[in-house]
There are 2 protein chains.
Amino acid sequence: MNISKELAKGSTAMLVLSVLSKENLYGYQIIRTVANLSDDVFQMNEGTLYPILHSLEKNGMLESYWSEASETVRRRKYYRITEKGLKELAKQNKEWKEYSTAVSKVLGGAAHVTA
Amino acid sequence: MNISKELAKGSTAMLVLSVLSKENLYGYQIIRTVANLSDDVFQMNEGTLYPILHSLEKNGMLESYWSEASETVRRRKYYRITEKGLKELAKQNKEWKEYSTAVSKVLGGAAHVTA
DNA sequence: TATCTATGCCTCGAGTATCTATGTATAATA
DNA sequence: TATTATACATAGATACTCGAGGCATAGATA
């Protein structure tokens, strides 16, 4: 991460599940995808991502499979979201909405919406 | 806290600074004010708040003073935000906007705005 | 040729934030 | 009398992320 570090805690797994809900990706690619989508606001460290991926797989949210290496492309470990993972994503998405709405209210109206 | 716990990490100090930027409050009152403003989404524990208040005071963001006890009201420790605290609040406010905007983008558009 | 950068997987110790539990004390309520 | 609300505070446990490091290969650069 980069921005304010502590702010991002707790949302990283949701971001990972979110990008995997659109397509199967491998670890390194997840980092770049999240960075691109967020205009480089989120720059995840590998030391952050890999433990999260392992944890999500262990808990049945993700499944992984290795791609075959070719002459130009080495082996990559792809992740696929499961039904359980999709449900978890929906739940976290809902919590995120509640949370961000609540923060806006405390900050005084639609503070983070304007400007 | 209550909601998703981990999501709230990093934003608590900002919420405290925010309510104190409007009026001076004592600890117990801060908990109730934040709960009210957020429609009970944020239910801070005392064990969370007091260390944050001490830390913010130590870092010059807040100043404190004791109210005199009367027959009906006991002593309360009030907190007042400093100039430095106001600047810090503005900074964190900006970071919050960047962060929440980035999350929305990764989640796929204005996910947390709609519905 | 040697070194650096990018890719791609991984682990571990440290730091930080919050939680739960606990402690102290008083006043009001059931 | 016992519980709840008020009001301050600390301490140990837990959870998430970071920074640093390790391993390996390919391509670019010096």
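This one's a predicted model, so the numbers in the text were calculated from it and none came from an experiment. We name chains A, B, ... by the order of the sequence lines, and we start the count at 1 in each one.
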Does any N or O in the side chain of [X] come within less than 3.5 Å of the main-chain N or O of [Y], such that one atom is a donor and the other an acceptor?
| X | Y | result |
| --- | --- | --- |
| A/T33 | A/Q29 | yes |
| A/K94 | A/L89 | no |
| B/S104 | B/S100 | yes |

Fill in the blank from the handout: Closest of C/dT18, D/dT17, D/dT10 to the A/I52 side chain is D/dT17
Fill in the blank from the handout: Among the nucleotides C/dG8, D/dG19, C/dT20, whichever has the atom closest to the side chain of A/Y50 is C/dG8
Tabulated below should be each protein N or O lying under 3.5 Å from an N or O of nucleotides 4-6 of chain D; please produce it.
{"unit_1": "D/dT6", "atom_1": "OP1", "unit_2": "B/R32", "atom_2": "NH1", "d": "3.4"}
{"unit_1": "D/dT6", "atom_1": "O2", "unit_2": "B/R74", "atom_2": "NH1", "d": "3.0"}

Contact check, side chains of [X] and [Y], non-hydrogen atoms, under 4.5 Å:
| X | Y | answer |
| --- | --- | --- |
| B/V41 | A/Y99 | no |
| B/Y78 | B/S64 | no |
| B/S21 | B/L17 | no |
| B/I30 | B/L53 | yes |

Exercise for the section: Check every strand shown and say whether B/G47 touches a base, only sugar-phosphate, or nothing at a heavy-atom separation below 4.0 Å. Expected result: base
Exercise for the section: Assign A/K9 to base, sugar-phosphate, or nothing according to its heavy-atom contacts below 4.0 angstrom with the strands shown. Expected result: base
Could you check how far [atom1] of [X] sits from [atom2] of [N], rounded to whole Å?
| X | N | atom1 | atom2 | result |
| --- | --- | --- | --- | --- |
| B/E57 | D/dC8 | CD | C1' | 13 Å |
| B/I31 | C/dT20 | CD1 | P | 13 Å |
| A/L53 | D/dC16 | CG | P | 14 Å |
| A/L56 | D/dT17 | CG | C1' | 14 Å |
| B/H54 | C/dT18 | NE2 | C1' | 16 Å |
| B/I30 | D/dA7 | CD1 | C1' | 12 Å |
| A/L25 | C/dC9 | CG | C1' | 16 Å |
| A/K77 | C/dC9 | NZ | P | 9 Å |

Handout entry: Heavy-atom pair of closest approach, residues A/L20 and A/Y79
Key = CD2-O, 3.5 Å
Problem - Phosphate contact (C/dT18 OP1 or OP2) by B/T12 side-chain N/O below 4.0 Å - result: yes
Practice task
Would you indicate, yes or no, if D/dT17 has its OP1 or OP2 atom less than 4.0 angstrom from a side-chain nitrogen or oxygen of A/N45?
Solution key: no
Handout entry: Each stem that DNA chain D is part of, given as range with range (3 or more consecutive Watson-Crick or G-U pairs, under 3.5 Å)
Key = C:1-30 with D:1-30
Practice task
Working to the nearest 0.5 Å, report the span between CD of B/E88 and CG of B/N93.
Solution key: 11.0 Å
